[in-house]
Participant: 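Pasting a structure below so you can have a look.
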Amino acid sequence: MDAVSSEEVSFLDEAEGKNNFKTCSQIDFYRRQKRLSPGKSLYRALLDTLTLHEESVRLQIIHEATKVPLMVEISGIENNTLRIKINEVSPPKPRYEVPDVILQSPSTLRLTKVQEDSTCVVLVCDKGAHRIKITANPFQIDVLSMDEILLSINSLGLLYFEHLLLPLKNRNTAAGSREKDSLDSIKDCDEGLWEAQFGHAADVKANGPTSVGLDFALHGFEHVYGLPEHTETLQLQSTSDNDAYRLYNLDVFGHKLHEKMGIYGSVPLLMAHKSDRTIGVFWLNASETLVEITTKATVKHTLSNDAPEKPKQRVVPETDVRWMSESGVIDVFLLLGPSPFDVFEQYAQLTGTQALPPLFSLGYHQCRWNYVDEEDVKAVDAGFDEHDIPYDVIWLDIDHTNDKRYFTWDKVTFPHPRQMQDVLREKKRKLVVISDPHIKVDLKYSVYAEAKDKGYFVKDNKNKDFVGICWPGSSCYLDFTNPDVQKWYSSLFAFEAYKDSTDILFIWNDMNEPSVFKAPELTMPKSNIHHGGWEHRDVHNLYGFYQQMASAEGLIQRSGGKERPFVLTRSFFAGSQRYGAVWTGDNTAEWGYLKITIPMLLTISISGISFCGADVGGFIGDPEPELLVRWYQAGAYQPFFRGHATKDTKRREPWLFGEKNTRLIREAIRERYRLLPYFYLLFYRAHVSAEPVMRPLWVEFPKEIETFHVDDEFMLGHALLVHPVTAPAVSAVGVLLPGPEEVWYDFRSFRQFEGASARKIPVTLENIPVFQRGGTIIALKTAVGKSSEWMKNISYELLVALDCKGSAVGEIYIDDGHSFQYLHKNEFLHRRFIYNNSVLSSSSADEKGLYSTKCLLEKVQILGFSKCPSSVAVIESGKKKNEVAFVYDTKTSVLILEKLSLNVGTDWEICIK
């Protein structure tokens, strides 16, 4: 075991203390905004300023007390989306508006007035089914579908806008600015207006307070989701004072369970769902953000045609959401559904879909902080072969470098990195190494020297390179918000720059919240200065997003634009799905952390980032064998599948826990590899259609109220329901099998269950409950190889699960698994399988696909088949083949067809009589 450095000991000790991180009551802009209580808004709309433009409608609103105006801009966007921006009319300098997250300027729709008087204006999109009602006094916006109000903006009067001030040294009384004296007159003036204190550190604010806030009333909705990343339930809970959901990327070592404080990543997207509607609110702001949620019941009166003099009362739920951000502008997108998949698509048209990952990255990853030397790597690699466990990637943490200098190798412990990679290449495996954003202060270190010379580091508020403490000791931090820094950082991955790297080496971005030891909240001071003169407070949640972007681009450039990258990041933001994978950070080897991975990953998934996972076994501590087995069984069905552990834990390679546990872990990992064709299809669907790979039950069953709160099981795509076992020594678990007209099949025994039922399912340590949904067809590999690349030519089987009408449909997607040829030259194969009227057929799902394969379909199992057939015949490419031998299992009602030898890429039919 390597010795832990003094910096590491200091950080680990500090990070475990909760007092290192602020509570809501210690956040100055939150305290100030909370002084504004719900009531009549002090803002009034100046309807006579309303102007119609080609792409938007603009009007001014004015604060009745300060008389300072704001500009409101409303845009209709194709696909049932609205955008509302609120900014100062004449700020003394620009306010930060988040770049690069939105793919491009969305296609807008013309808004026209359909009603106008002195009290309100009603707008409608030229292609939309929604109306926008703007009420003048107090200012309020209602969004209506038909005659139903879906949501209201500023109905609680919580619109809050602190106007940007000129720096103290050259402030004047220009329009739109306010004097310091007037701010200081606020009652109890301890509100951190110009300087905020936390611990021993002061946050000096050159522009004074600049926070913004707004409330949204979601009518008829009581179930809300989203806002990753928190260690909380899937359904967001009503908050109390000083307990808001915090979106602020922080390095929280050993984060606690069921807390709303911010951890490693954040996506300011909230979804609201009821049985007939799903909507979303996307708050585009990269500064520290707090979200309060209040769910309540309201009484509504409706007139009866039979007795109009006696209006009927009905209780309708409502959820009020209050967003508060430290700086920037109000820039919000309303995603109006109406279905969950419509909202996913609407969000993806703004921020992009999940990048299609290389196939190897969907296999199993083996990681540890740290594999100590080349012999250790070789021994671990050989151990997988010796114990017949497939894996695709081995990982190296910070200790593989020359004294924490990234893009280098420790010449003592890793003297021959190229040869080490060649050994992995021969086994068709890959290597991932770490590259953090902090750069060791050392003029002999070329990365530091060049970045310093070019001025590529984040500055402190005195315009000097900011120096913080991280793993290398004194470190400077690359300013990834600078496009020139992004390009330069990408160039460091070139083979000629990154010595002894090869094309099987991929990247892991860690510590990129950014993490700064011995600093306020273990992160960068908010008063630091980035490219363009923006303070760190403006861009904080974007920092990791930009590093992952630059890393992914670097790997693409390294291949001449031919190969798909793989980059894992700990810190993320909206749009991170375009660049790779994320994980939930430094979890702990306890049962509660296994359980919380399900709602955490579901929340990340519905926020656009399908490629997500949690450290299998728990990063911190030593898991008991039962916990480790259960974690592998759960992780095998989650999108990103990596075992990881910190350096002061016992070694936990899968074969170190006795023969029985080795067998169980082997079976879990091998099951993942058999399912790789299904996982790859799901990632393709996420890439082209924004469908989450891992999804809550309510997404697939949106009308079934009993699914709305379920977060101990999940759907893997459309076809599989997975219920991990997350408690020790259990003999049965309660499983909800939704759908009154659904049929479910145990994935291993093929036993049938009716839907719309909650059942106690017996379990042993051998496996976890997994069910295939009736009406689906999934493709599996018939055998497992040493890694995914070994399995390229292994034949397929289809698992056909019949619904109550005796039908089923499914798909398969195949390409070369690593290049962009699927995109540039249509080198892919997308097939559709349909079973109906006793015929199973294969046809093209996308005629553009030009990929060819020699891979064969050898086996079909049809679940829920009612009786033994008399014959089975195959027609391939219009020609009848010999009849097929079959076996019918009367106990399980499964028809098994084998030795089919059908090409996966051709049209064929299997006719059963």
Participant: Charged N to carboxylate O under 4.0 angstrom, E88 versus R95?
Facilitator: yes
Participant: Is the shortest side-chain heavy-atom distance between I529 and H536 below 4.5 Å?
Facilitator: no
Participant: Using a strict threshold of under 4.0 Å (side-chain N to carboxylate O), is an ion pair present between E789 and R429?
Facilitator: no
Participant: Identify whether the distance between the nearest side-chain nitrogen and carboxylate oxygen of R246 and E288 falls below 4.0 Å.
Facilitator: yes
Participant: Centres of the F640 and W583 rings: under 6.0 Å?
Facilitator: no
Participant: Would D479 and K454 pass as an ion pair if we require N to O under 4.0 Å?
Facilitator: no
Participant: Are I263 and M600 close enough that some pair of their side-chain heavy atoms sits under 4.5 Å apart?
Facilitator: yes
Participant: Report the residues that fulfil salt bridge (charged side-chain N to carboxylate O under 4.0 Å, His left out) with K444, sequence neighbours left out, ordered by chain and then residue number.
Facilitator: none
Participant: If you measure from the Lys or Arg side-chain nitrogens to the Asp or Glu carboxylate oxygens, is any gap between D399 and K404 under 4.0 Å?
Facilitator: yes
Participant: Would you call R558 and E563 a salt bridge, using N to O less than 4.0 angstrom?
Facilitator: no
Participant: I'd like to know whether the aromatic ring centres of W508 and W369 sit less than 6.0 Å apart in this structure.
Facilitator: no
Participant: Taking only Lys NZ, Arg NE, NH1 and NH2, and the carboxylate oxygens of Asp or Glu, determine whether D442 and K440 approach each other closer than 4.0 Å.
Facilitator: no
Participant: Once salt bridge (charged side-chain N to carboxylate O under 4.0 Å, His left out) is applied, do any residues pair with E229, and if so which ones, sequence neighbours excluded?
Facilitator: none
Participant: Examine W471 together with F517 and report whether their ring centres are nearer than 6.0 Å.
Facilitator: yes
Participant: Only counting residues at least two apart or in another chain, list the ones meeting side-chain hydrogen bond (donor to acceptor under 3.5 Å, both in side chains) with Y579.
Facilitator: none
Participant: Can you confirm if the aromatic rings of Y96 and H530 lie within a centre distance of less than 6.0 Å?
Facilitator: no
Participant: Are any of the side-chain nitrogens in E513 or R570 under 4.0 Å away from the carboxylate oxygens of its partner?
Facilitator: yes
Participant: Do the charged groups of K430 and D503 touch, with an N to O distance under 4.0 Å?
Facilitator: no
Participant: Counting the benzene-type ring for Trp, do Y489 and F407 have ring centres under 6.0 Å apart?
Facilitator: yes
Participant: Tell me if a side-chain donor or acceptor on E521 pairs with a main-chain N or O of K22 at a distance below 3.5 Å.
Facilitator: yes
Participant: Is the distance from the ring center of H365 to that of F641 below 6.0 Å?
Facilitator: no
Participant: Does the distance from a Lys or Arg side-chain N to an Asp or Glu carboxylate O, for K85 and E97, drop under 4.0 Å?
Facilitator: yes
Participant: Only one of Y248, Y264, Y245 forms a ring pair (Phe, Tyr, Trp, His ring centres under 6.0 Å) with H230, so which one is it?
Facilitator: Y245
Participant: Applying salt bridge (charged side-chain N to carboxylate O under 4.0 Å, His left out), can you list everything that pairs with D538, at least two apart in sequence or on another chain?
Facilitator: none
Participant: Run the ring-centre check on Y347 versus F282 and record whether the distance is less than 6.0 Å.
Facilitator: yes
Participant: Just checking F573 against Y546, ring centres under 6.0 Å apart?
Facilitator: no
Participant: Check side chain to side chain contact (heavy atoms under 4.5 Å, CB included) between D373 and all other residues, then give those that pass, not counting sequence neighbours.
Facilitator: E375, D376, T413
Participant: According to side chain to side chain contact (heavy atoms under 4.5 Å, CB included), who are the partners of S475, at least two apart in sequence or on a separate chain?
Facilitator: H438, C470, P472, Y477
Participant: May I have the step-by-step check of side-chain contact (heavy atoms from CB on, under 4.5 Å) for F566 and L568, ending in yes or no?
Facilitator: CA-CA 7 Å; F566 172 75; L568 178 77; 4.2 Å; yes
Participant: Is there a side-chain contact between D465 and V458, using heavy atoms and a 4.5 Å cut-off?
Facilitator: no
Participant: Would the number of heavy atoms belonging to other residues, nucleotides or ligands and lying under 6.0 Å from CD of Q419 be above 12?
Facilitator: yes
